[in-house]
Amino acid sequence: MAAPSSSTRGVMERSIRERAPPLLTDLYQFTMAYAYWRAGRHQEPAVFELFFRDNPFGGGFSLFAGLHDCLLFLRSFRFTDEDVEFLRSVLPPATDPAFFQFLRGLDCSGVTLRSVPEGTVVFARVPLMEVAGPLAVVQLLETSLLCLVNYASLVCSNAARFRLAAGPRRKLLEMGLRRAQGPDGGLTASRYTHIGGFDLTSNVQAGFLFGIPVAGTMAHSYVTSFTSLEEVWPQTLVAVSGDPDPVDIISLTKGWLSRVCELLGAEPGKIREGELAAFLSYAISYPQNFLPVIDSYSVGCSGLLNFCAVALALCELGYRPVGVRLDSGDLCRQSVDVRRVFRLCSEHFSISAFDSLIIVGTNNISEQSMAELNKKENQIDVVGVGTHLVTCTKQPSLGCVYKLVEVRGRPRMKISEDPQKSTVPGRKSVYRLLDADGHPFLDLACLAVESPPEAGVSLRCFPLGCDDSPVSVTPAQATCLRQDVFTKGQVTHPLCSAAETRAKVQSSLQTLHPRHKRLQEPDPYIVALSEKLHNLVTEIRKGSSNNSNFLLAN
């Protein structure tokens, strides 16, 4: 499917303004911004970092997603008169009226964003985004940026895990819109599960906005709405050959049904006439896209027989049926039985089209059941996943945070009794170190003023969570992980389509060593601080401890 057109891209940007306006944030962002403004500190240069503390789903990695939406959000960030009047009504009455004039003129022209490229494999504690600019503005951006990154990265990572569990052969269909957390959750899920590795979506709006291939045929309700062949209309179909005389497809299908029952030794008395009527009606409407769900009643006694009869009739008229969908029971066993029947029909009736029929499985698929498909004999070509994919049932949130690391050029650090909640101070550069095989093995955070690591040169660093024990490593290659993407109100890096970001995901995952990609009990990936950055953390901790009673002592 083609990339979104310029008009579609405009719709996407309007969609971001509507879904993520400046008021989509927490009230305390405005109360803090006012306090900064009241104290005359609102223009002080400040730097925040966005990161997450633990890899999701008990895995060894995550995928960074949501940057595209963040850039559109920053580019359109400004308050309307209506926004300001609402804020005037909810902030305390003592708020200085001049503050609202300040908000009315606010934008992101002074903001700079450095970020890991969207679609990159990332790890816990690595700063994904650095947001720099006037203190009041970058404070106001916190909640919105977190909202745009947290779920996008989580569901993209979930999709990648499903793709790893499914293997490269099977196609994956995202069909979670009806189970998603609201319309925006459903649309976000469709976009970012496609980026994470899914091939198709059932979400038509996602196809329109993002260029994702859409797929879908019929539900059980369509099948059960029919009771007899008398409800089929029209009852004829013109052959592909162009013969102007329409064929009575009901009579043709009945003849094929008798031959199929004879071939398989089936009992005609158990076949549901209403199901056959539904299949015929749909096949007449879409003779080149015939893929019905065949388990509304019984796959073996009715659904498969009815499908074969209608599909054989279509083949006789020159059409190519697509396949079937299984939605209940033991999908593996049923798919094997269905494929056996397809092969029998192909050989017995000399219909080669039956060799290429596909089997779609959709039955509350989870990551675990996806992995089990590869352990059992099955003939499933396409797997449809809904609830467990879009709701991320194994873990509901990625837990990204947005923390202050510098004000007025001076490092800032949150020192917590919980070491996991402490932050790493200072403006940084982040590098990914690769081994001789091209696999990343360590992400290194350095002070921004430090020289970058060099290939073939040993360096000393301090892995996070290892009790301040240093290690020496020698990278075969070192790459800078972040790049400038937004400067002075302008997007400075090309906005990628969903297809381009999807390709980035697969490329990034391929570089990752299999031991880090394991879905169960992966080897932990090392994230480390440079020696200078580690020393800064140590100094600030000591200074905080020494000055803890400063007010009481003076």
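Since we're looking at a predicted model, the values are computed, not measured.
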Would you say Tyr282 and Pro292 make side-chain contact, with heavy atoms under 4.5 Å? no

Taking it one step at a time, do Asn306 and Ile294 satisfy side chain to side chain contact (heavy atoms under 4.5 Å, CB included)? CA-CA 8 Å; Asn306 281 329; Ile294 62 171; over 6 Å; no

List the atom pairs, with distances to 0.1 Å, where a side-chain N or O of residues 262-270 and a protein N or O form a donor-acceptor pair under 3.5 Å, not counting sequence neighbours.
none

Smallest separation among heavy atoms of Leu128 and Phe64, with atom names: CD1-CD1, 3.8 Å

Is it true that atom CD of Glu230 has more than 12 heavy atoms of other residues, nucleotides or ligands lying nearer than 6.0 Å? no

Interatomic distance, Arg53 atom CZ to Leu464 atom CG [nearest 0.5 angstrom]: 12.5 Å

Heavy-atom donor-acceptor pair, Arg161 side chain to Leu519 backbone, under 3.5 Å: yes

Check whether Thr253 reaches the backbone of Ile249 with its side chain - one donor and one acceptor, N or O, closer than 3.5 Å. yes

Test item: Asp355 and Phe342 side chains (from C-beta on) under 4.5 Å apart, heavy atoms: no

Please report the shortest heavy-atom distance between Ala498 and His194, naming the atom on each side. CB-CD2, 4.2 Å

Residues at least two apart in sequence or cross-chain that pass ring-ring contact (aromatic ring centres under 6.0 Å, His included) with Phe73, listed by chain then number, are Phe77

Decide if atom NZ of Lys394 counts as having more than 12 heavy atoms of other residues, nucleotides or ligands within a radius under 6.0 Å. yes

Residue pair Thr201 / Ser190: nearest heavy atoms and the distance that separates them: OG1-OG, 3.5 Å

Assess whether atom CD of Gln368 is packed by more than 12 heavy atoms of other residues, nucleotides or ligands within 6.0 Å. no

Could you name each residue pair satisfying ring-ring contact (aromatic ring centres under 6.0 Å, His included) that touches residues 318-337, not counting sequence neighbours? none

Establish, from distance only, whether the side-chain atoms of Ser153 and Ser62 form a donor-acceptor pair under 3.5 Å. no

For His348, the ring-ring contact (aromatic ring centres under 6.0 Å, His included) test, sequence neighbours excluded, returns none

Just by distance, do the side chain of Thr492 and the backbone of Val485 share a donor-acceptor pair under 3.5 Å? yes

Kindly state each residue pair satisfying ring-ring contact (aromatic ring centres under 6.0 Å, His included) with at least one member in residues 234-271, sequence neighbours excluded. Trp256-Phe349

Mark yes or no for whether Asn203, through its side chain, and Leu177, through its backbone, hold a donor-acceptor pair below 3.5 Å. no

Flag the pair Arg170 and Asp199 as a salt bridge only when some basic side-chain nitrogen lies within less than 4.0 angstrom of an acidic carboxylate oxygen. no

Does the side chain of Phe51 reach to within under 4.5 Å of the side chain of Val401, using non-hydrogen atoms? yes

With side chain to side chain contact (heavy atoms under 4.5 Å, CB included) as the test, pick out the partner of Leu398 among Asn150, Val149, Val155. Asn150

I'd like to check Val121 versus Leu63 (side-chain heavy atoms, cut-off strictly below 4.5 Å). Are they in contact? yes

Is any side-chain heavy atom of Val293 less than 4.5 Å from a side-chain heavy atom of Thr217? no

State, with a plain yes or no, whether a side-chain heavy atom of Val240 is found less than 4.5 Å away from one of Leu317. no

Indicate yes or no: at least one non-hydrogen side-chain atom of Pro244 is less than 4.5 angstrom from one of Val238. no

Cys147 to Leu24 - nearest heavy-atom pair and separation: SG-CD2, 4.5 Å

Applied to residues 168-193, the ring-ring contact (aromatic ring centres under 6.0 Å, His included) test, sequence neighbours excluded, yields none

Hey, does the side chain of Glu118 reach the backbone of Gly66 with a donor-acceptor pair shorter than 3.5 angstrom? yes

Regarding Arg339 and Asp381, does a basic nitrogen lie under 4.0 Å from an acidic carboxylate oxygen? yes

Determine whether the aromatic ring centres of residues Tyr286 and Phe290 are separated by less than 6.0 angstrom. no

Any donor-acceptor pair under 3.5 Å from Asn158 side chain to His388 backbone: yes

Would you say the ring centroid of Tyr525 lies under 6.0 angstrom from that of His516? yes

Ignoring hydrogens, what is the shortest heavy-atom contact between Arg191 and Cys496? Give both atom names and the distance. NH2-O, 4.1 Å

Quick one: does Asp435's side chain have a donor or acceptor within less than 3.5 Å of a partner on His439's backbone? yes

I'd like to know if the side chain of Arg320 pairs up with that of Ser356 as donor and acceptor (distance under 3.5 Å, no hydrogens or angles considered). yes

Answer yes if the side chains of Ser296 and Tyr222 hold a donor-acceptor pair under 3.5 Å, and no otherwise. no

Between Asp443 (side chain only) and Val527 (backbone N and O only), is there a donor and an acceptor less than 3.5 Å apart? no

Are any of the side-chain heavy atoms of Val324 and Leu357 separated by less than 4.5 Å? no

Nearest non-hydrogen partners of Val214 and Val204, listed with the distance: CG1-CA, 4.2 Å

Glu174 side chain vs Gly176 backbone, donor-acceptor pair below 3.5 Å: yes

Would you check, one step at a time, whether the test side chain to side chain contact (heavy atoms under 4.5 Å, CB included) holds for Leu67 with Thr501? CA-CA 10 Å; Leu67 176 62; Thr501 308; over 6 Å; no

Short side-chain donor-acceptor distance under 3.5 Å, Ser335 and Asn378: no

In this structure, CG of Asp69 is separated from CG of Leu495 (nearest 0.5 Å) by 10.0 Å

For the backbone of Ile359 and the side chain of Gln379, can you confirm whether one donor and one acceptor N or O come within less than 3.5 Å of each other? no

Could you grab the distance from atom CG of Leu389 to atom OG1 of Thr193, nearest 0.5 Å is fine? 5.0 Å

Value for CG (Leu326) from OG (Ser328), rounded to nearest 0.5 Å, stands at 8.0 Å

